[in-house]
Amino acid sequence: MKLHEYQSKRIFAQYGVPIPNGEVATTPAEAKAIAEKLGGRVVVKSQVLVGGRGKAGGVKLANNPAEAEAVAQKILGMDIKGLTVEKVLVDEAADIKQEIYLGIVIDRAIHKPVFIASSEGGVEIEIVAKENPDAIIHLPIDPLLGMQDFQARNLAFDLGLRGKLINQFVKIAKGLYQAFINSDASLAEINPLVVTGEGKLLAVDGKMLLDDNALYRHPDLEAMRDRQEEDESERIAREAGLSFVKLDGEIGCMVNGAGLAMATMDIVKHYGAEPANFLDIGGGAKAEKVATALRIILADPKVKAVLFNIFGGITRGDEVANGILQALEEVKTDIPMVARLVGTNEAEGRAILQAANFPSASSLGEAAQMAVAMAKGEQA
Amino acid sequence: MSILVGKDTRLVVQGITGREGNFHTQQMIEYGTNVVAGVTPGKGGEWTLGVPVFDTVKEAVETQGANTSIIYVPARFAADAIMEAADAGIELIVCITEGIPVLDMARVRTFLDQKDARLIGPNCPGLISPGEAKVGIMPAHIHKPGKVGLVSRSGTLTYEVVQALTDLDLGQSTAIGIGGDPIIGTNFIDVLKLFEADPDTEHVVLIGEIGGTAEQKAAEYIAKHMSKPVTSFIAGRTAPPGKRMGHAGAIIQGGEGTAAEKIAALEAVGVKVATLPTEVAELVKASMG
Ligand SMILES: Nc1ncnc2c1ncn2[C@@H]1O[C@H](COP(=O)(O)OP(=O)(O)OP(=O)(O)O)[C@@H](O)[C@H]1O
Ligand SMILES: [Mg+2]
């Protein structure tokens with residue numbers, strides 16, 4: 001799950017990371033009022049769940065409350081990479097002398113949290129990583145010990161910080177680490193962490209990604225979820241315990257298992273069509289789940305055919321076959337479909353489908369070709 | 001012959017009285033796996049499926065000589081179950097559970113670094129040495145004893161490839177699902193090493209997917225250390241960036257982890273990469289003659 005900048009920064013602040021004074025507005029008038037309260041120059045920042053807001057024109061400086069109102073007027077309602085801006089954060093403008101990057105991710109290879117830092121902050125870290133990999137510092141942290149002061153100090157020195165900034169940095173790095181751990185984050189990032197004219201460190205941008213598998217123990221964080229993060233169909237799927245990602249094509253896919261679901265998308269493409277979605281119905285899928293999944297797939301008007309690919313292990317072929325037929329009774333549709341059922345109880349499953357005149361295929365290749373032909377209006 | 005599980009396996013099932021655990025225990029026993037014990041805290045002294053149940057893994061090791069464990073407990077208790085098994089002296093721990101928080105696994109892996117136990121998974125189908133032992137949830141009937149070693153990040157996709165191999169009369173020495181999570185106990189390289197050393201494995205199949213760089217690292221290893229031929233399939237050529245494709249580990253991030261870069265890395269070291277799962281079997285057949 002993604003958090004907005006203002007949400008991430010508020011969490012960081014709870015762990016002692018200094019952030020600019022600021023508040024969230026949903027109308028230009030509110031933005032103006034916040035700017036008046038803050039006094040002086042402010043930055044008006046779009047709050048959308050994608051990166052690159054600055055480049056897209058979604059972060060703007062305002063010299064006074066009237067300007068803040070005008071800028072907010074422009075930014076609110078703006079489209080940034082397909083997302084509409086509904087909120088802006090109005091923050092006190094900082095006097096920036098230097099921009100630093102500071103982030104924490106999980107390094108899969110060494111299976112530990114790792115700090116990523118760079119004195120060349122402000123820009124996307126992926127770009128720094130490509131163009132100037134030497135400018136990036138990696139510091140793994142033992143998850144059983146946590147971050148030690150000396151590690152944070154070393155990081156500060158490696159970033160070229162000196163004097164009073166060292167202790168400020170230690171507090172920020174340790175705070176960020178604690179925020180990462182206590183929130184079960186998969187990413188916690190400050191970009192930029194700035195050095196101000198008064199010689200203070202300040203986190204002017206923040207970003208957090210949370211581990212979906214750990215949200216059960218963070219109801220407070222789950223409550224921060226923005227419906228903008230996911231497509232309506234993705235939300236319904238998540239609530240039904242289905243793993244679903246909406247794509248752009250015309251072949252709806254219903255598969256058990258994530259790897260096989262990806263492979264099924266690839267095969268659809270191989271035979272000349274595009275998958276409409278990724279969908280893993282999981283193991284042991286029952287009729288009701290199949291019906292929900294089918295409804296989600298058919299809600300997409302682009303879908304021209306549906307391909308079921310079930311390799312039974314825990315999942316039984318006859319159960320899925322019954323599930324499909326039951327689902328079709330509830331979800332009346334003319335969209336053509338084909339099923340490929342193998343594995344546990346495959347013969348029973350196929351017999352059930354045959355009795356109902358439901359097209360079935362014996363191999364995945366054949367099923368994909370049939371679905372593609374159906375989508376093109378050719379009779380399979 | 002085979003790797004990791006076989007006739008010497010003495011299995012303890014953690015979570016044996018749960019619905020999933022009980023069903024699959026029955027299947028494993030039917031396949032001929034030597035299930036010597038079950039563990040469910042609070043149910044010690046009971047019996048199920050002819051198997052004695054203990055309160056702790058330690059008792060299962062001491063009383064029944066268990067050397068391998070399989071874990072079916074729910075995600076919020078699974079990290080603890082893995083550590084309990086390692087602490088009790090279990091040599092091979094297979095964790096089927098899906099949905100364990102990543103930071104829990106980071107702690108578990110760091111804990112395991114100080115133990116002798118090997119972990120397979122989590123979020124995996126387990127492993128099978130056809131004709132010898134099944135420690136997992138895969139449909140046994142699609143397998144057949146033979147000389148192809150198989151390692152995969154996926155479950156059902158592995159079944160697809162196994163079926164294709166068996167259809168062409170290509171049996172398997174051992175088929176292992178290493179799991180779809182970002183942090184797993186045993187990686188491609190660990191398994192490649194074992195297959196390279198196993199006298200009865202002649203050909204290796206590696207099934208990867210988008211996310212991370214495990215396949216690229218495997219490619220480096222293959223170039224340096226593998227004498228046996230390797231055939232591969234990578235799922236997710238059509239996956240969009242930034243979206244998690246079911247598996248917690250299957251996500252293209254910051255342009256890294258695409259299928260294209262994995263395929264390129266493998267092909268660069270002479271690995272044949274199939275475009276369709278069934279084509280894997282054809283490539284293996286052509287190579288083995
Ligand atoms: N409070 C502030 N005071 C002064 N300058 C700011 C402030 N907030 C942001 N900036 C400037 O604007 C730049 C872009 O802002 P920010 O980092 O918040 O957004 P972004 O990185 O473009 O967005 P995204 O996180 O979507 O990639 C910063 O690098 C910084 O130079
Ligand atoms: Mg930024």
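Because only heavy atoms are used, hydrogens play no part in the values below, and waters and symmetry mates are left out as well, while side chains stay in. By convention in this document, chain letters (A, B, ...) are assigned in the order of the sequence lines, proteins followed by strands, and residues within each chain are numbered from 1. As the structure is a prediction and not an experimental result, all values here were calculated from the model.
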So which part of Thr110(B) gets closer than 4.5 Å to some heavy atom of chain A, the side chain, the backbone, both or neither?
both
Tell me, side chain or backbone of Leu215(A) under 4.5 Å from chain B's heavy atoms, or both, or neither?
neither
Highest number of heavy-atom pairs under 4.5 Å with chain A: which of Ile142(B), Ile137(B), Ile100(B), Val102(B)?
Val102(B)
What part of Glu20(B) gets within 4.5 angstrom of chain A, counting heavy atoms only: side chain, backbone, both, or neither?
side chain
Residue, of Gly257(A), Pro143(A), Ser243(A), that accumulates the most heavy atom pairs under 4.5 Å with chain B
Pro143(A)
Please determine whether a side-chain nitrogen of the Lys or Arg among Arg107(B) and Asp104(B) lies less than 4.0 Å from a carboxylate oxygen of the Asp or Glu.
yes
Select one option (side chain, backbone, both, neither) describing which atoms of His111(A) are under 4.5 Å from chain B's heavy atoms.
both
Out of Glu98(B), Arg109(B), Glu256(B), Lys243(B), which one racks up the most heavy-atom pairs below 4.5 Å with chain A?
Arg109(B)
Would you say the side-chain atoms of Glu261(B) and Thr258(B) include a donor-acceptor pair closer than 3.5 Å?
yes
How about CG on Asp113(B), more than 12 heavy atoms from neighbouring residues, nucleotides or ligands closer than 6.0 Å, or not?
yes
Closest non-hydrogen atom pair between Thr156(B) and Phe311(A), with its separation:
CG2-O, 3.7 Å
Name the option with the most non-hydrogen atom pairs under 4.5 Å to chain B; the candidates are Asp280(A), Val245(A), Asp248(A).
Val245(A)
Against chain A, label Ile184(B) side chain, backbone, both or neither, depending on which of its atoms sit under 4.5 Å from a heavy atom there.
neither
Counting only heavy atoms closer than 4.5 Å, note whether Ala261(A) contacts chain B via side chain, backbone, both or neither.
neither
Ring-plane angle category for Phe180(A) and Tyr177(A), please: parallel below 30°, perpendicular beyond 60°, tilted otherwise.
parallel
If I measure from the heavy atoms of chain A, does Arg153(B) come under 4.5 Å with its side chain, its backbone, both, or neither?
side chain
Considering only heavy atoms from C-beta outward, does the side chain of Val320(A) approach that of Phe308(A) to under 4.5 Å?
no
Chain A contact via Glu209(B) - side chain, backbone, both or neither, heavy atoms under 4.5 Å
side chain
Cut-off 4.5 Å, heavy atoms of chain B, and the answer for Asp142(A) is side chain
Under 4.5 Å from any heavy atom of chain A - which part of Glu279(B):
neither
Which region of Met138(B), side chain (C-beta onward) or backbone (N, CA, C, O), has a non-hydrogen atom less than 4.5 Å from a non-hydrogen atom of chain A, or is it both or neither?
neither
With respect to chain A, which residue among Ala75(B), Ala106(B), Ser154(B), Gly236(B) yields the maximal number of heavy-atom pairs within a distance under 4.5 Å?
Gly236(B)
NZ/NE/NH1/NH2 to OD/OE distance under 4.0 Å, Arg238(A) and Glu234(A)
no
Applying a strict 4.5 Å limit to non-hydrogen atoms, the region of Tyr216(A) in contact with chain B is side chain
Salt-bridge present (Arg244(B), Asp212(A); N to O < 4.0 Å)
yes
Mind listing the side-chain donor-acceptor pairs of residues 23-31 of chain B below 3.5 Å, one per line with the distance, residues two or more places apart or on another chain?
unit_1	atom_1	unit_2	atom_2	d
Thr25(B)	OG1	Gly21(B)	O	2.5
Tyr31(B)	OH	Gly131(B)	N	2.9

Side chain / backbone / both / neither for Asp211(A) at chain B, heavy atoms under 4.5 Å:
side chain
Are any of the side-chain heavy atoms of Phe278(A) and Met265(A) separated by less than 4.5 Å?
yes
Scan side-chain atoms only and decide if Gln172(B) and Thr166(B) contain a donor-acceptor pair under the 3.5 Å cut-off.
yes
Short N-O contact, Lys302(A) and Glu274(A), less than 4.0 angstrom
no
For chain B, which candidate among Arg217(A), Lys112(A), Lys269(A) shows the most heavy-atom pairs at distances under 4.5 Å?
Arg217(A)
Derivation of the side-chain contact (heavy atoms from CB on, under 4.5 Å) call for Leu209(A) and Lys2(A):
CA-CA 5 Å; Leu209(A) 297 179; Lys2(A) 296 176 188 166; 3.4 Å; yes
Proximity breakdown for Ile207(B) and chain A, heavy-atom pairs closer than 4.5 Å
neither
Among Thr275(B), Ile234(B), Leu276(B), single out the residue with the greatest number of heavy-atom pairs under 4.5 Å to chain A.
Leu276(B)
